[in-house]
Participant: 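Quick one: this structure, given as structure tokens, is what I'll be asking you about.
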Amino acid sequence: MLATISLIPIALSIAVKLSGATVLPGQGPPFLDRVSHNGLFVAFTAMVVATPLFLPLTIAVVAGDTIAGEASTGTLRYLLIAPVNRARLLVVKFVGAAAFSIAAVVTLLVTGIVIGSILFPVGPVTLLSGNVISIPATLIRILLIGVYVTISLLGLSALGLFLSTLTVIPVGAMAATVIVSTVMQILGSLPQVAVIHPYLLSYYWLGFADVLRNPLSLSSLWSNSLLQLSYIVIFGALSYSRFTSKDILS
Amino acid sequence: MTQTLEPQYAISTSDLTKTFGSQRAVDAIDLRVPTGSVFGFLGPNGSGKTTTIRMLLGLATISSGEATLLGHPVPSGLGAALPKVGALVEGPAFYPYLSGRDNLFRFDSANRDADSKTRAVRVDAALARVGLTQAAGKKVHAYSLGMKQRLGIANALLQPRDLLVLDEPTNGLDPQGTREVRNLIRSLASEGITIFISSHLLAEIEQICTHLAVMSRGKIVAQGSVEDLSASQTLKLTLVTSQTDAALELLSAAGIDAVADGNEVSAVLLPNQIEPERIVEMLVLAKVGVRSFTVQAPTLEDRFVLLTGEGFEVAQ
């Protein structure tokens with residue numbers, strides 16, 4: 001799955017390189033026009049492209065499989081009689097899903113930086129606010145984006161973990177997680193329900209562009225962290241109450 | 001005198017009940033598995049055996065009643081009891097993409113009581129004990145059903161155990177494998193491990209068990225040591241004679257129900273009713289000519305069917 005993730009920046013840069021034509025500002029995803037001038041933008045662009053659908057999809061697969069996957073193979077009963085405490089198993093599974101989120105984000109960004117520097121010139125980056133920052137400063141901003149997006153995926157991991165405790169069919173939990181994430185993004189695009197927008201899991205997902213401003217604005221990073229933490233607490237508690245009282249009949 | 005206090009029963013339950021909706025899958029059972037016994041847990045499919053095992057191991061919640069496992073209450077004492085219990089529940093289950101050895105490593109590392117320093121040694125010893133040393137490096141998805149079953153038993157033997165719970169341990173094994181497992185169970189039992197085997201392969205149970213319980217429709221219909229159960233069984237009596245009327249009269253005078261078919265008379269002797277030898281004596285004294293006289297103790301299968309009913313509909 002990580003290999004598939006690394007294909008995003010690779011495909012993106014090859015497409016820009018091969019087309020040769022200059023991409024005009026406003027064409028395609030944000031930052032795409034800057035890729036041919038500065039390879040470091042491959043990482044940004046890939047992240048913008050992957051955040052709404054592809055990353056949530058991979059997280060849904062991993063988080064949806066956590067408990068339901070063990071239940072469907074029957075290994076869950078052998079883990080529990082090993083014995084593993086149920087609460088501890090949930091924590092271990094959540095940490096596993098979180099580790100995957102980190103790995104996915106790191107893969108995407110590192111591949112983006114590497115392929116971008118191979119195919120395109122690399123230089124100081126012009127920020128959204130017009131300032132120019134050096135390459136090391138840019139790498140720090142990219143690291144911040146990585147932290148931001150990883151945090152964005154933690155709430156979804158907790159949701160996936162909870163859905164995974166409800167079923168013994170991993171595909172069901174995975175699909176349900178994708179559906180919830182998609183529905184939240186659709187709701188997030190409807191101005192009529194603006195009142196619920198700040199509570200949607202996906203509300204701050206694309207807010208990492210703030211990291212590309214000077215002076216550095218971290219307010220959306222904090223708001224996002226708080227929102228994701230609430231999701232972790234709520235779905236963590238639901239997973240706990242569901243899983244610790246569940247009959248393991250598979 | 002220092003002596004580790006062993007509970008009298010490795011497993012004991014009182015009024016243990018499991019309900020699914022309105023269905024009582026396990027209906028107020030009192031199970032007593034003496035420490036050190038090889039206990040056969042019999043019953044048709046769907047009679048509640050596996051549900052009972054799931055409750056005992058904490059996989060399913062207890063609807064009402066109580067249970068203890070190695071003297072610890074279930075479920076609160078499971079953390080203390082389970083490390084001493086090896087189990088095979090409803091068939092083996094493994095990570096198919098890992099090798100047999102890696103699967104055992106994974107399950108053993110899930111057990112916090114397991115010493116990681118001795119893990120490799122213990123895993124190899126368990127694999128050797130079930131004859132899987134050769135195949136230990138193969139991925140489990142390439143294993144035959146019998147190999148998976150043996151790997152499941154190896155998983156139960158990773159630690160020194162006080163109790164082994166084996167649910168259908170010889171399922172999918174060929175005759176050699178079945179024999180090996182039987183020998184393995186005997187040797188484990190001789191080490192003092194209590195063994196609780198659930199099965200419907202009666203020949204199997206008959207050969208190795210010291211104690212039995214029979215479950216039917218969620219209830220225990222018979223329980224005790226094999227000798228006690230044998231002593232309390234009914235005997236089937238068949239005699240061939242030309243004087244059937246005289247024989248029938250004599251038997252009914254002795255309070256025995258008998259029927260004649262041609263010149264064959266069959267009767268059922270209830271436990272402790274009368275010794276068969278006395279009947280022969282009576283017949284001879286009455287000068288009833290007897291051509292043949294057979295006393296048949298029912299097989300375990302007969303008793304099983306007697307206790308649990310006949311046909312496919314025995315358990316709903």
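Reckoned from all heavy atoms, side chains included, excluding hydrogens, waters and symmetry mates. To find a chain, count down the sequence lines: A is the first, B the second, and so on, and within it residues start at 1.
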Participant: Can you list everything that forms a salt bridge (charged side-chain N to carboxylate O under 4.0 Å, His left out) with B/Asp124? Sequence neighbours excluded, please.
Facilitator: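 By the salt bridge (charged side-chain N to carboxylate O under 4.0 Å, His left out) rule, B/Asp124 matches B/Arg101.
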
Participant: Which donor-acceptor pairs sit under 3.5 Å apart between chain B and chain A?
Facilitator:
| residue | atom | partner | partner atom | Å |
| --- | --- | --- | --- | --- |
| B/Lys18 | NZ | A/Asp247 | OD1 | 3.4 |
| B/Lys18 | NZ | A/Asp247 | OD2 | 2.5 |
| B/Arg54 | NH1 | A/Ile248 | O | 2.7 |
| B/Gly58 | O | A/Arg86 | NH2 | 2.9 |
| B/Leu59 | O | A/Arg86 | NH2 | 3.2 |
| B/Leu59 | O | A/Ile248 | N | 2.8 |
| B/Thr61 | N | A/Asp247 | OD1 | 2.7 |
| B/Thr61 | OG1 | A/Asp247 | OD1 | 3.1 |
| B/Val89 | N | A/Tyr78 | OH | 2.9 |
| B/Val89 | O | A/Arg77 | NE | 2.8 |
| B/Val89 | O | A/Arg77 | NH2 | 3.2 |
| B/Val89 | O | A/Tyr78 | OH | 3.3 |
| B/Glu90 | O | A/Arg77 | NH2 | 2.9 |
| B/Gly91 | O | A/Arg77 | NH2 | 2.8 |
| B/Gly91 | O | A/Tyr78 | OH | 2.8 |
| B/Tyr95 | OH | A/Glu70 | OE1 | 2.6 |
| B/Tyr95 | OH | A/Glu70 | OE2 | 3.1 |
| B/Asn111 | ND2 | A/Ala82 | O | 3.2 |

Participant: Heavy-atom count around A/Leu119 CG within 6.0 Å, excluding the residue itself: above 12?
Facilitator: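 Yes - once you tally the heavy atoms of other residues, nucleotides and ligands closer than 6.0 Å, there are more than 12.
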
Participant: Please state whether the side chain, the backbone, both or neither of B/Phe107 comes within less than 4.5 Å of a heavy atom of chain A.
Facilitator: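 When you check distances to chain A, atoms from both the backbone and side chain of B/Phe107 fall under 4.5 Å.
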
Participant: Quick check: under 4.5 Å, non-hydrogen atoms only, which of residues 32-42 of chain B neighbour chain A?
Facilitator: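 Answer by number: none.
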
Participant: List the steps, then state whether side-chain contact (heavy atoms from CB on, under 4.5 Å) holds for A/Leu80 with B/Leu59.
Facilitator: CA-CA 7 Å; A/Leu80 294 180; B/Leu59 294 172; 3.8 Å; yes

Participant: Sequence neighbours left out, what pairs pass ring pair (Phe, Tyr, Trp, His ring centres under 6.0 Å) with at least one residue falling in residues 153-174 of chain B?
Facilitator: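 Every pair satisfying ring pair (Phe, Tyr, Trp, His ring centres under 6.0 Å) with a residue in residues 153-174 of chain B: there are none.
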
Participant: Of all of A/Leu89, A/Ile81, A/Val92, A/Val84, which one pairs up most often with chain B through heavy atoms under 4.5 Å apart?
Facilitator: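 It is A/Ile81.
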
Participant: Counting only non-hydrogen atoms closer than 4.5 Å, does B/Leu88 touch chain A with its backbone (N, CA, C, O), its side chain (CB onward), both, or neither?
Facilitator: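 Both backbone and side chain of B/Leu88 come within 4.5 Å of chain A.
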
